[in-house]
**Student:** 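Sharing a structure, written as structure tokens. Questions coming.
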Amino acid sequence: MRKRRNYHHWKCDPDLPRGQVRVTLYKSNLAPEKTYGLIDRRTLSIPDIINRIQDTNTGVTQGMMLLCARIFREKILRLLSEGYSINLFDTGILYPAVKNGTDMTVQKSNCTEARFKVSQEAQDAARRVRIAEVDVSDTNPHISSVESAPRSDAEGVLLRNRIVIIRGCRLKQGTDSSGIYFVPETEQGIPSVNKDSWLRVPYYTIIENYPKSLRFYIPSGTETGKRYYIRVESDVSLKGTIQKKVNTGMSAASVIIQAE
């Protein structure tokens, strides 16, 4: 089992062998010590399916099948709006249902929704799928590079009074719970655990704030000639919303601040 990075930008390999899928494990918000698995979807549109049919059955033209599919779609939606349940090619029943929690004694409109009951035949088909690989999701910020702009000639050097650029993923800053910190390197060559020594980048000095990149100025309290690790804390979820949990990432190597 391996740790997956950038999974929110990663797409299932279209060349996976037929009948095999990838599964990603996520931590449960209700029980952090537990995980749940989701299959990474490879969604096919109706035109995609028609193209595959054309590979083995050329008796009907692609245009005719697309026309039939559009007619079916329009009629299915019309019948659903009229209160009918529809058997979709024996894969399951699409039907209107009352929304959960609706008080029918006071609400008679805008209280229904579409649901789908999978058929046994479709369940049997899904059970034949095999798991090719299991990944573990990583929601923490990942820092791939830290450099000055304009860039310094030396690797791992940040020049005073220049903009710092961090590249990676899941970096975006949200509320005051988020933060970018310069963490001093200890004599042992590791990040200091003394939070009082950490220097936070003031939010007003952040001039670019994206999931894949941050641009900001070096905090005034940093010392020239001293080495720091860069720590990024973010309370922005993968969907771009604010969450209670704060995820943390640290640069793999320290950087040194030098005068221009």
Side-chain angles (χ1 to χ4, degrees), residues 2-10 26-27 29 32-33 135-260:
R2 65 182 176 83
K3 196 173 188 180
R4 192 176 87 191
R5 291 164 52 184
N6 290 339
Y7 81 93
H8 55 301
H9 294 296
W10 179 83
Y26 299 88
K27 289 183 179 180
N29 291 327
E33 70 281 0
D135 297 331
V136 179
S137 68
D138 183 7
T139 58
N140 288 320
H142 171 71
I143 300 172
S144 58
S145 66
V146 181
E147 60 187 29
S148 293
R151 189 174 180 179
S152 168
D153 294 333
E155 190 73 24
V157 173
L158 298 183
L159 298 177
R160 177 76 66 182
N161 300 325
R162 289 193 184 181
I163 295 172
V164 179
I165 304 175
I166 294 180
R167 292 188 176 88
C169 59
R170 302 180 289 276
L171 303 173
K172 188 175 177 64
Q173 300 292 285
T175 68
D176 289 340
S177 296
S178 295
I180 308 169
Y181 297 88
F182 279 66
V183 180
E185 182 180 77
T186 66
E187 293 180 355
Q188 292 75 32
I190 61 175
S192 172
V193 296
N194 179 13
K195 292 185 178 182
D196 292 336
S197 67
W198 298 0
L199 296 169
R200 183 169 184 167
V201 174
Y203 190 81
Y204 64 85
T205 66
I206 300 175
I207 57 178
E208 182 175 285
N209 182 18
Y210 296 117
K212 290 187 176 183
S213 66
L214 297 170
R215 290 175 182 252
F216 54 88
Y217 287 96
I218 297 174
S220 58
T222 54
E223 299 179 28
T224 300
K226 190 168 184 177
R227 303 195 71 89
Y228 295 88
Y229 285 85
I230 308 299
R231 178 185 176 96
V232 174
E233 298 181 354
S234 173
D235 60 357
V236 179
S237 72
L238 298 175
K239 296 181 179 179
T241 58
I242 301 300
Q243 60 183 16
K244 291 183 179 180
K245 181 183 177 182
V246 177
N247 297 314
T248 302
M250 187 84 74
S251 60
S254 62
V255 293
I256 189 170
I257 297 176
Q258 293 183 357
E260 292 190 74

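On a predicted model such as this, the values are computed, not experimentally measured, just so you know. Only this structure's heavy atoms are used, side chains among them; waters, hydrogens and symmetry mates stay out.
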**Student:** Would a 4.5 Å heavy-atom cut-off, applied to side chains only, mark Tyr228 and Leu199 as touching?
**Tutor:**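 They are in contact (side-chain heavy atoms under 4.5 Å apart), so the answer is yes.
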
**Student:** What I want to check is whether the side chains of Ser178 and Asp235 have a donor and an acceptor closer together than 3.5 Å.
**Tutor:**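 Yes.
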
**Student:** Do Thr224 and Arg160 come within less than 4.5 Å of each other through their side chains, counting heavy atoms only?
**Tutor:**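 A side-chain contact exists here, since the closest heavy-atom pair is under 4.5 Å.
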
**Student:** Applying ring pair (Phe, Tyr, Trp, His ring centres under 6.0 Å), which residue pairs with at least one partner in residues 206-226 are found, sequence neighbours left out?
**Tutor:**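 Ring pair (Phe, Tyr, Trp, His ring centres under 6.0 Å) check on residues 206-226 returns no pairs.
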
**Student:** Does the Arg162 side chain pair with the main chain of Pro150, one donor and one acceptor, at a distance under 3.5 Å?
**Tutor:**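 Between the backbone of Pro150 and the side chain of Arg162 there is a qualifying donor-acceptor contact (under 3.5 Å).
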
**Student:** Less than 3.5 Å apart, any donor N or O on the side chain of Thr248 or Asn140 sitting next to an acceptor on the other?
**Tutor:**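 No, no side-chain donor-acceptor pair sits under 3.5 Å.
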
**Student:** More than 12 non-hydrogen atoms from neighbouring residues, nucleotides or ligands closer than 6.0 Å to CG on Asp176, yes or no?
**Tutor:**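 Count not over threshold, so no.
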
**Student:** Under the side-chain hydrogen bond (donor to acceptor under 3.5 Å, both in side chains) rule, collect the residues that match up with Ser177, sequence neighbours excluded.
**Tutor:**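 side-chain hydrogen bond (donor to acceptor under 3.5 Å, both in side chains) check on Ser177 returns nothing, list empty.
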
**Student:** Do Ile230 and Phe182 come close enough that some side-chain heavy atom pair is under 4.5 Å?
**Tutor:**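 Answer yes - side chains close enough.
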
**Student:** Going by heavy atoms in the side chains, are Ile166 and Val232 under 4.5 Å from each other?
**Tutor:**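 Side-chain contact under 4.5 Å: yes.
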
**Student:** Can you see which heavy atom on Ser237 is nearest to which on Gln243, and at what distance?
**Tutor:**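 For Ser237 and Gln243, the tightest heavy-atom pair comes out as CB-OE1, 3.4 Å.
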
**Student:** Less than 4.5 Å apart, any side-chain heavy atom of Arg167 and any of Leu214?
**Tutor:**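 With C-beta onward as the side chain, the pair stays apart.
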
**Student:** From Ile242 CD1 over to Thr175 OG1, what is the distance, rounded to the nearest 0.5 angstrom?
**Tutor:**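 The OG1 atom of Thr175 is 5.5 Å from CD1 of Ile242, to the nearest 0.5 Å.
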
**Student:** Between Glu233 and Val246, which heavy-atom pair has the shortest distance, and what is it?
**Tutor:**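 Answer, listing the atom of Glu233 first, then Val246: CB-CG1, 3.8 Å.
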
**Student:** How far does OG of Ser213 sit from CD1 of Ile165, to the nearest 0.5 angstrom?
**Tutor:**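 It comes to 8.0 Å.
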
**Student:** For the residue pair Glu185 / Ser254, report whether a side-chain donor-acceptor contact shorter than 3.5 Å exists.
**Tutor:**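 There is such a pair between these side chains.
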
**Student:** Can you tell me if Gln258 uses its side chain to pair, donor with acceptor, with the backbone of Ile256 under 3.5 Å?
**Tutor:**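 No: the side chain of Gln258 does not pair with the backbone of Ile256.
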
**Student:** Which pair of heavy atoms, one from Val201 and one from Pro219, lies closest together, and at what distance?
**Tutor:**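 Scanning both residues, the minimum pair turns out to be CG2-CG, 3.8 Å.
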
**Student:** Do Thr186 and Ser192 get their side chains close enough for a donor-acceptor pair, meaning under 3.5 Å?
**Tutor:**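 No, no side-chain donor-acceptor contact under 3.5 Å.
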
**Student:** On a heavy-atom basis, which atom in Gln173 and which in Ser234 lie closest, and how many Å separate them?
**Tutor:**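 Where Gln173 meets Ser234 most closely, the heavy atoms are NE2-CB, 4.5 Å.
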
**Student:** Should Pro191 and Met250 count as side-chain neighbours, where that means a heavy-atom distance under 4.5 Å?
**Tutor:**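 Yes - at least one pair of side-chain heavy atoms lies under 4.5 Å apart.
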
**Student:** Could you check Val164, Thr205, Ile206, Ile207 and say which one makes a side-chain contact (heavy atoms from CB on, under 4.5 Å) with Arg215?
**Tutor:**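 Option passing the side-chain contact (heavy atoms from CB on, under 4.5 Å) with Arg215: Ile207.
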
**Student:** For the residue pair Pro184 and Trp198, what are the closest heavy atoms and their distance?
**Tutor:**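 Heavy-atom minimum between the residues: CD-CD1, 4.1 Å.
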
**Student:** Okay, side chain of Asn209, backbone of Lys172: is any donor-acceptor separation there less than 3.5 Å?
**Tutor:**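 Side chain of Asn209 to backbone of Lys172, a donor-acceptor pair under 3.5 Å: no, none is there.
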
